[in-house]
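Since the structure is predicted, the reported quantities are computational estimates derived from the model, not experimental observations. So that the names make sense, note that chain A is the first sequence line, chain B the second, and so on, each numbered from 1.
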Amino acid sequence: MAIRAIEYVTIEVDGKPVSLRKDKPILWGLRDKGYDIPYFCAHKWLDPLGACRMCMVKVSWNGRPMPKLQISCAMLPGEGMSVETNIEEVLTARREQLEFHLINHPLECPVCDKGGECMLQDQTYEHGCGEGRYTENKKVRPDRQMNAYIQINYKRCIHCKRCVGFTDEIDNSHLLKMVSRGAESWIESYPTSDDLPYFSGNVIDICPVGALTASNYRFTMGRPWEQELTASVASLDSTGVNIWLNGRLGHVARIIPRENEGVDTGMLDDATRFSWEAIDDPARLRKALIHDEGETRRVKLAMAEALCAEQLGAVLSEHPADSVGLIAGGNRSTEEYMSLRHFATRVLDSRWYSFGEDLAGPEGMSDVVLEALLAGNTSIEHILSASTILTIGSDLWEEAPVLGLRANVEVRKRHRRLVNLRSHGSSADDFAEYIDYGYGNLLRTVRAAVNALNGNGETTPEGERLAESLRSVGDDCAILYGSEVWKDAAARELIVAIQDLREAVRRANDGCSVYTNPVYPAANSAGALLANWFTKFGRPASAKESCGGVGRVLQAAADGQLQALVICDYDLLSSYPDRALVEKALARVKLAIYLGSFENPTSQRCRFHMPLGTWAHIDGSVVSLEWRVQKRRRGQIDSVAPSLTELVNGLSGELGRGFLGTTEDMYGQLRHNIEFWPRDEFTDFPYKGVLVTPRARLSASRSPVKDLPAERSAGAGELVLIPKSFLYNDRDLLANSPVFARVAMPFHAFMNTADMQAQGISDGDSVALGNVQLTARGRDWVRSGSVVVNDFCHSAPANGMGAAGFTSLSIRKASLAGSQS
Amino acid sequence: MAKGNPILMNGIRHECITPVSALDNEIGIRSLADYESKARYVPDGKPGGYRAIQHVLNNMSPEQVIDEVKASGLRGKGGAGFPTGLKWSFVPKDHLGPKYLAINGDEGEPGTFKDRYIMEDCPHRLIEGAMIAMHAIGAEQTYCYIRGEFYDSLRLLDEAVKECYAKGYLGDNVFGTGRRMHFQVHTGAGAYICGEETSMLSSIEGSRGHPKMKPPFPAIEGVFRKPTIINNVESIACAPAIIDAGAGWFTARGTEKSPGVKIVSVSGCVRNPGWWEIEYGTPIGVIVNELAGGLLPGRKLKGLIPGGSSCPVIKGEAAFDVPFDYEGCVAGGSMLGSAAMIVLDDSIDMVGVMRNFSKFYAHESCGKCTPCREGTRWMLQIHQRILDGGGTMEDLDLLIDIINGIEAKSFCPLGDAAAWPVRSAVERFPEDYIAWIEKSSRFNALKADGNGSASPAGSEETAGVEAN
Ligand SMILES: Cc1cc2nc3c(=O)[nH]c(=O)nc-3n(C[C@H](O)[C@H](O)[C@H](O)COP(=O)(O)O)c2cc1C
Ligand code: SF4
Ligand code: SF4
Ligand code: FES
């Protein structure tokens with residue numbers, strides 16, 4: 001269902017012709033055109049409800065007026081329609097309804113957190129009658145906590161039921177319900193401890209009054225008009241969700257969505273929204289840490305820089321080239337990667353650098369894989385309007401929550417198809433078609449499906465089923481692939497095989513459009529690719545090219561090729577798939593330097609830990625999964641920690657290698673050297689970002705492989721370990737945000753109940769997976785024969801449970817002595 | 001007006017005459033389907049006894065059934081009086097997939113007691129009617145939604161349904177014709193709003209009983225988003241008679257625009273409350289004085305509500321001359337509604353009546369839309385305050401303002417239903433209100449200040465809070 005042209009119709013409004021979209025109720029069209037029709041219960045995400053009765057207008061058809069006033073939120077425009085928005089009858093009706101809204105309202109705007117951004121306040125000011133006639137007793141009900149984040153003030157609720165609509169129609173969580181009847185009815189929630197909130201914060205935004213507020217914002221973080229707003233971009237996933245970063249008195253006060261039609265339509269996930277507390281948390285490093293012979297010293301940054309440079313200089317003087325490894329996580333800005341690149345090539349003279357998580361497995365990136373990653377990319381708008389959306393090894397809800405949410409809404413409301421090729425169940429199961437593959441056999445399944453679609457070569461039952469579901473995809477098909485691909489030992493082949501699949505689907509459907517987009521593991525994985533392969537995207541090679549991946553750097557360190565390791569904002573020990581390799585590398589190098597905002601298991605193993613500003617403290621561009629270049633802007637908040645660019649400039653200076661360039665210089669280099677980079681200036685970069693089409697000079701030639709790799713399955717009595725990427729994990733911002741302490745983070749061994757019974761394990765038992773202990777939880781969405789664990793947990797690192805790649809292990813009930821969750 | 005044998009049930013006197021009585025005086029609806037003797041309701045070729053549905057299944061196309069019902073002029077008995085045959089014809093013929101019939105047995109309107117007796121006394125008549133309707137609209141499933149408190153109706157109708165399944169009248173092979181017809185009895189939980197058709201559908205779906213947006217109308221997208229016809233129990237129970245006796249029997253009775261017969265339930269200040277089946281157009285005076293035994297001795301008629309608590313009150317003896325049909329009641333200043341006549345004599349205080357009505361509507365408002373949710377509660381509070389001796393003259397205007405805000409502006413007709421009787425009381429019986437207000441301390445205090453008619457608004461703090 002490719003994007004369709006919008007149809008318009010001209011109607012008469014207050015005697016003047018106005019052209020409105022045919023598919024939207026007139027309320028929206030008229031408000032866009034400046035007609036101030038008040039409303040409360042309607043919301044552009046939701047089906048019209050017709051509850052508040054504020055939006056009434058007089059409608060006539062071909063000169064014949066309808067006897068009753070009509071609610072404009074549910075009225076589609078049509079030929080021969082005329083609308084009166086300003087006649088006495090309408091104005092009176094508005095005043096009447098507003099009076100009804102206010103009779104039970106506490107009128108406590110001076111102490112209400114919504115005051116200043118409240119629809120009821122604004123509309124009363126515009127349309128109200130200025131005095132109340134209600135002298136009876138008002139309704140009251142004590143405030144209540146709705147879930148870990150949200151509190152309700154019942155007195156302020158105007159019963160618009162938008163919040164109920166959101167949890168029923170949009171996120172399908174059914175968190176909020178209306179109970180009882182009439183004026184005595186109220187909004188109630190029944191959160192269970194295990195239900196993690198993913199999108200509940202959106203009800204705060206859509207509540208037109210101050211009834212629903214964030215517990216960590218209300219009464220403490222100031223009033224809306226005191227906030228200094230900065231347009232920025234969310235940092236937890238690669239969707240590129242737009243946000244307003246609110247600062248007050250130098251501190252972060254909250255994060256709220258910033259609507260970008262093409263990306264998020266104003267939706268925001270809870271992890272991003274509530275993680276703001278960590279940004280100013282006392283746990284964030286303000287000074288450097290030096291771990292020396294079991295002792296930790298806290299020193300000023302300048303002094304640490306000097307000490308660090310001294311030791312780095314010693315290494316460099318002994319081994320001038322290719323002796324220092326440099327690794328950075330995928331959430332830094334593109335400019336920071338550029339400065340790191342300069343630091344690596346010009347200061348360290350090393351090719352052992354790699355930015356962003358490994359996409360192509362431990363063997364590293366190649367031209368063929370890079371080409372496959374870039375091929376067929378399209379915009380989120382196109383992905384969501386595709387007739388069929390196929391996800392491969394990616395639980396969108398966890399990996400790109402807002403994209404996942406929007407996809408679910410498209411499927412449920414507009415009857416698109418969602419097909420999940422997956423190793424375990426997900427929240428989309430209620431309305432998606434799904435094909436299970438045994439974890440570890442993704443390449444086998446994809447190739448089998450390609451063979452089946454092409455009618456040529458060996459296939460498997462799963463491959464056959466996938467092919468079957470792709471034989472008629474409709475007008476177009478969007479393929480999204482994610483974490484299980486990146487974690488696969490055969491990621492390289494897999495990424496290429498997905499391109500073969502794309503080709504096969506296109507052929508099977510008369511050449512219809514088929515798109516492929518990676519769901520990257522981090523917010524700026526695409527920017528990291530650019531900086532890693534700058535000479536392929538931009539200028540021809542002039543400096544040392546990256547060695548090709550984090551795995552390669554670590555291997556080199558473990559092999560003793562490297563003397564020192566610089567790790568930037570990447571908790572390798574907790575999240576790199578091969579923990580043993582990280583351990584070896586850290587043990588082998590003489591000098592390990594960590595640059596990051598928070599302490600974590602990896603930083604504690606490095607001699608130097610330099611403080612670093614978080615994403616909220618620095619300016620810089622990030623590139624989302626749809627290749628939308630957007631700018632993160634530094635919030636109106638105090639920072640005592642530098643950006644990576646500042647840090648490496650400092651180190652370079654101390655080492656006597658001079659100044660590498662400012663953030664703007666780095667941006668200038670990107671703009672100058674990369675042809676498809678937006679032409680805009682850094683200082684006034686467009687607020688909604690710029691979609692680009694990446695092009696790279698690659699020497700890629702390949703021919704499709706038809707052979708299926710051998711099937712992998714669990715050993716006798718063993719379960720396959722599935723390290724799953726959850727939205728809630730031990731990433732620095734989440735691990736240090738106090739608000740998440742109230743949430744039951746998914747740090748469990750999720751097992752199929754049948755397996756648990758067979759092993760004599762019951763829900764809540766402590767079990768041992770390799771050397772790691774976890775609490776067992778029986779869940780239907782786990783396939784029998786597998787165990788799902790969070791792939792990023794400090795206390796129970798999934799990468800420590802077995803070998804990297806494919807692990808099958810037997811699960812024991814842990815001895816009582818060590819039992820704890 | 002047809003007459004039947006008076007019977008005594010649940011302590012209330014009834015005279016039960018139904019359309020069937022026209023066919024064969026011997027086999028009236030009651031004697032056919034009386035709980036004790038319902039075994040006699042068998043397909044023996046006599047009128048009643050599933051003769052109509054067998055005739056329909058064997059000889060009539062759905063279009064013919066709809067045409068016959070249209071020709072009879074049958075109007076919905078649930079309140080609005082919408083022509084039933086016309087409603088049936090709205091179901092899209094080419095719709096693929098299931099369609100449904102939903103029978104409205106919620107009977108929540110205060111003053112109405114008729115459907116429960118059909119369900120209790122002649123459940124088979126209802127089941128047969130449902131089968132005819134299912135044939136006409138192409139449905140295979142009926143949901144019969146019964147008010148939660150009607151325990152006996154549920155039990156008796158359920159037993160009748162079981163009996164039909166056992167005998168093969170209902171099921172996957174109805175009367176051996178290969179047709180599938182199923183009948184599911186569904187109970188409500190005692191919410192008046194679930195009598196409103198779209199709320200009833202929400203309730204059947206298992207959701208909260210909130211009315212749904214129209215369009216799409218239920219005939220296009222109803223329960224489970226499939227085409228659904230909703231009819232009152234009485235409307236459906238008329239269908240067998242129309243098939244058996246022919247449309248002509250119906251049109252020969254009643255008035256031109258309201259043909260046929262209707263069950264009226266009379267309550268209030270009469271000697272002999274009960275329910276009767278009458279021809280449309282019978283003057284209200286005849287119903288009250290001849291059937292219901294007239295007013296209590298020495299009393300005069302103060303007001304009369306012809307159609308249940310949601311209709312305006314007609315003032316004075318003039319009500320006796322109003323013909324009891326849809327058009328007549330409107331001309332008389334009220335509505336026929338569900339034909340639940342409430343008779344009020346001169347011992348009745350209208351403010352008290354309206355306090356009770358407002359209490360009912362405030363309690364039964366579903367809470368979805370603002371005017372009804374807030375307005376009904378406000379009206380109740382004002383009435384209570386007047387009765388508690390705190391009324392002022394401004395309250396009368398305020399009540400009318402509140403009603404203006406509710407009427408024609410609420411989401412579903414419950415709001416209107418709450419507003420209409422109060423408006424009629426304030427406009428037609430102001431003396432009752434004024435009598436209370438003149439006794440009120442607040443009014444007198446204001447008057448003593450030389451401020452007898454000043455608005456109290458803004459001059460007084462909210463009196464406190466009310467615990468929930
Ligand atoms: C608030 C409200 C309550 C209603 N209650 C009932 C009821 O209890 N029984 C009923 O048959 N119709 C009731 N109705 C009318 C129904 O909405 C609907 O019009 C009727 O069932 C249609 O059937 P009919 O065409 O056979 O009359 C009610 C309507 C409203 C607005
Ligand atoms: S809590 Fe807010 S969104 Fe929910 S019904 Fe009340 S006013 Fe509306
Ligand atoms: S009028 Fe509004 S509040 Fe009242 S019952 Fe109907 S929808 Fe509910
Ligand atoms: S916005 Fe139209 S009824 Fe609420």
Side-chain angles (χ1 to χ4, degrees), chain A residues 40-41 47-54 56 66-71 73-76 89 92-107 130-142 154-155 158-161 164 168 177-187, chain B residues 191-193 207-215 361-378 380-382 384-385 390 392 394-395 397-398 401-412 414-415 442 455-468:
Chain A
F40 291 123
C41 69
D47 295 342
L49 185 70
C52 74
R53 319 305 287 180
M54 284 299 292
M56 288 188 292
M66 297 175 83
K68 292 184 184 182
L69 294 177
Q70 299 293 316
I71 46 172
C73 64
M75 251 285 142
L76 290 174
E89 187 184 357
T92 311
R94 275 178 204 165
R95 272 197 301 277
E96 286 164 355
Q97 303 309 317
L98 204 49
E99 181 174 27
F100 286 139
H101 277 102
L102 290 170
I103 60 172
N104 275 307
H105 198 79
L107 309 177
E131 72 179 59
R133 295 184 289 175
Y134 187 75
T135 57
E136 323 297 333
N137 291 347
K138 295 196 183 208
K139 290 179 291 186
V140 290
R141 171 173 286 278
Y154 284 113
K155 287 176 285 183
I158 56 166
H159 295 66
C160 70
K161 287 168 283 295
V164 179
D168 282 353
K177 281 275 171 263
M178 185 157 232
V179 297
S180 190
R181 246 187 351 237
E184 302 305 329
S185 55
W186 72 91
I187 304 289
Chain B
Y192 172 54
I193 185 60
S207 319
R208 188 177 163 74
H210 269 189
K212 302 189 205 185
M213 189 81 82
K214 292 189 265 190
Y361 287 107
H363 185 249
E364 295 299 336
S365 160
C366 80
K368 172 168 177 160
C369 74
T370 308
C372 166
R373 181 186 64 241
E374 305 293 340
T376 52
R377 180 171 178 273
W378 197 358
L380 167 61
Q381 287 175 316
I382 292 174
Q384 191 62 54
R385 180 161 49 74
T392 63
E394 284 67 31
D395 286 336
D397 293 339
L398 184 54
D401 279 358
I402 295 172
I403 289 162
N404 285 339
I406 300 176
E407 196 184 325
K409 287 165 188 158
S410 46
F411 184 88
C412 84
L414 190 145
R442 190 167 172 183
S455 163
S459 63
E460 224 166 285
E461 278 302 300
T462 300
V465 286
E466 197 179 86
N468 267 293

Check your understanding: What's the spacing between A:R53 CZ and B:F411 CZ if we round to 0.5 Å?
Key -> 6.5 Å

Check your understanding: So, do A:T135 and B:R442 sit near enough that their side-chain heavy atoms are less than 4.5 Å apart?
Key -> yes

Practice item. Determine the option with the most heavy-atom pairs under 4.5 angstrom with chain B, choosing from A:M56, A:H101, A:R95. Key: A:H101

Practice item. Using the salt bridge (Lys or Arg N to Asp or Glu O under 4.0 Å) rule, pick out the option among B:D397, B:D401, B:D395 that qualifies with A:R133. Key: B:D401

Point to revise | Gap separating the CG atom of A:L98 from the OG1 atom of B:T370, nearest 0.5 angstrom | key: 10.0 Å

**Study point:** Among B:P211, B:P215, B:C366, residue most engaged with chain A (heavy-atom pairs, under 4.5 Å)
**Key:** B:C366

Point to revise | Flag for B:Q381-A:N137: side-chain donor and acceptor within less than 3.5 Å | key: no

Review point. Which heavy atom in B:C369 sits nearest to a heavy atom in A:G50, and how many Å separate them?
Key: CB-O, 4.4 Å

Point to revise | A:P48 versus chain B, the contacting section by heavy-atom distance below 4.5 Å | key: both

Practice item. Applying side-chain contact (heavy atoms from CB on, under 4.5 Å), run through B:E374 and A:K139 and close with a yes or a no. Key: CA-CA 11 Å; B:E374 305 293 340; A:K139 290 179 291 186; 3.6 Å; yes

Exercise for review: Can you tell which part of A:T92 gets under 4.5 Å to a heavy atom of chain B, answering side chain, backbone, both or neither?
Suggested key: neither

Exercise for review: Decide side-chain contact (heavy atoms from CB on, under 4.5 Å) for B:I382 and A:E136; before the verdict, give the C-alpha distance in whole Å, the side-chain angles of both, and the deciding distance to 0.1 Å.
Suggested key: CA-CA 8 Å; B:I382 292 174; A:E136 323 297 333; 3.9 Å; yes

Exercise for review: Would you mind checking which part of A:E99 comes under 4.5 Å of any heavy atom in chain B, side chain (CB onward), backbone (N, CA, C, O), both or neither?
Suggested key: side chain

Practice item. Kindly indicate, with the supporting measurements, whether the criterion side-chain contact (heavy atoms from CB on, under 4.5 Å) is fulfilled by A:L69 and B:K409. Key: CA-CA 7 Å; A:L69 294 177; B:K409 287 165 188 158; 4.2 Å; yes

Study note, to complete from the structure: In short, B:G405 meets A:E96 closest at the heavy-atom pair CA-OE1, 3.2 Å

Practice item. Looking only at non-hydrogen atoms, find the nearest pair between B:I406 and A:F100 and report the distance. Key: CG1-CZ, 4.1 Å

Point to revise | Portion of B:S410 that has a non-hydrogen atom of chain A nearer than 4.5 angstrom | key: backbone

Study note, to complete from the structure: Okay, A:M178 and chain B: the region with an atom under 4.5 Å from a heavy atom over there is both

**Study point:** Residue selection (most heavy-atom pairs with chain A, distance under 4.5 Å) from B:R208, B:E364, B:M213
**Key:** B:R208

Practice item. Under 4.5 Å heavy-atom distance to chain B, tell me which part of A:L49 shows up: side chain, backbone, both or neither. Key: both

Review point. So do the side chains of B:P371 and A:Q97 get within less than 4.5 Å of each other, counting heavy atoms only?
Key: yes

Exercise for review: Among A:V179, A:D47, A:I71, single out the residue with the greatest number of heavy-atom pairs under 4.5 Å to chain B.
Suggested key: A:V179

Point to revise | Interface moiety of B:H363 toward chain A, non-hydrogen atoms closer than 4.5 Å | key: both

